[in-house]
Protein chains: 2
Amino acid sequence: MTTTLLYVEFSSDGPFGSDAATAYAELAADIAAEEGLVWKVWTENPQDDKAGGVYLFADEESATRYVEKHTARLGSFGITDATMKLFTANRDLSETTFAVLDKP
Amino acid sequence: MTTTLLYVEFSSDGPFGSDAATAYAELAADIAAEEGLVWKVWTENPQDDKAGGVYLFADEESATRYVEKHTARLGSFGITDATMKLFTANRDLSETTFAVLDKP
């Protein structure tokens with residue numbers, strides 16, 4: 001099993017902050033139940049009209065499956081310019097720098 | 001205090017994996033002591049000749065200071081093409097999806 005990081009970025013004019021927390025609460029609960037997900041950080045940059053997320057998955061298969069699912073979901077929101085990049089997490093180095101790499 | 005995510009990506013022909021863990025062990029220990037750092041995931045994609053990292057900082061000032069420091073450090077390694085992007089972490093949504101947002 002290869003611990004896999006997924007980086008997602010797309011153009012967004014909001015909602016951001018607490019408005020996003022309200023608007024996406026149900027989506028976040030759904031993503032929390034995603035098979036193989038360890039965690040997701042929700043990212044936003046209102047100054048640059050960008051939003052996205054950084055995900056850690058327990059294995060590459062879960063990450064690849066999620067890319068397909070999330071591309072379709074973003075498309076249903078009208079977001080078709082999403083950048084998605086997959087990386088292997090270097091576990092030894094990441095443990096030294098306090099990253100959580102596994103579900104409790 | 002604004003929990004801030006920093007995304008870093010650059011071209012790399014290695015080392016990757018356990019070779020990287022050995023080569024960068026001392027650097028990782030130094031980064032672990034960085035003021036304001038909550039965690040870093042070390043990322044690598046040997047197929048695309050890419051490497052980088054995703055960092056979470058407790059506040060924007062620490063992240064901004066690190067960008068300056070790390071740009072100089074990467075330059076000393078001959079890495080001058082690094083992409084660095086800063087985002088605010090949406091804490092409410094990220095907590096729902098299990099992200100660790102604070103140092104223990």
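A, B, ... follow the sequence lines: proteins, then strands. Residue 1 opens every chain.
- Considering all non-hydrogen atoms of both residues, B:Val67 and B:Thr71 come closest at O-OG1, 2.6 Å.
- Within residues 6-23 of chain B, the residues that have a heavy atom under 4.5 Å from a heavy atom of chain A are B:Tyr7, B:Glu9, B:Gly17, B:Ala20, B:Ala21, listed by number.
- The two residues B:Asn90 and B:Ser94 make their nearest non-hydrogen contact at O-OG, 2.7 Å.
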Pair A:Ile31-A:Tyr66, side chain to side chain contact (heavy atoms under 4.5 Å, CB included): steps then yes or no: CA-CA 10 Å; A:Ile31 291 173; A:Tyr66 185 81; 3.5 Å; yes
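- B:Arg65 places no side-chain N or O within 3.5 Å of a backbone atom of B:Gly36 that could act as its donor or acceptor partner.
- The candidate with the highest count of non-hydrogen atom pairs below 4.5 Å against chain B, out of A:Leu93, A:Leu56, A:Asn45, is A:Leu93.
- The shortest heavy-atom contact between A:Phe57 and A:Val38 is C-CG2, 4.0 Å.
- Interface remark: A:Val100 contributes side-chain atoms only to the contact with chain B (heavy atom separation under 4.5 Å).
- A:Ala29 and B:Thr96 get closest at one heavy-atom pair: N-CG2, 3.8 Å.
- Closest non-hydrogen pair, A:Ala28 versus B:Thr97, comes out as O-CG2, 3.5 Å.
- Salt bridge status for B:Lys40 with B:Glu34: absent, with no side-chain N to carboxylate O gap under 4.0 Å.
- Most heavy-atom pairs under 4.5 Å with chain B, from the set A:Gly53, A:Ala33, A:Pro104, A:Ala32: that is A:Ala32.
- Ion pair A:Arg91/A:Glu95 flagged as a salt bridge, since at least one NZ, NE, NH1 or NH2 atom sits closer than 4.0 Å to an Asp/Glu carboxylate oxygen.
- Within residues 72-89 of chain A, the residues having any heavy atom less than 4.5 Å from a heavy atom of chain B are, in residue-number order, A:Lys85, A:Leu86, A:Phe87, A:Thr88, A:Ala89.
- Shortest non-hydrogen contact noted between B:Pro46 and B:Glu44 is CD-C, 3.8 Å.
- Listed options B:Tyr55, B:Trp42, B:Trp39, B:Phe98 were ranked by heavy-atom pairs under 4.5 angstrom with chain A; first place goes to B:Trp42.
- The candidate from B:Leu101, B:Leu5, B:Asp92, B:Leu27 with the greatest count of non-hydrogen atom pairs under 4.5 Å with chain A is B:Leu5.
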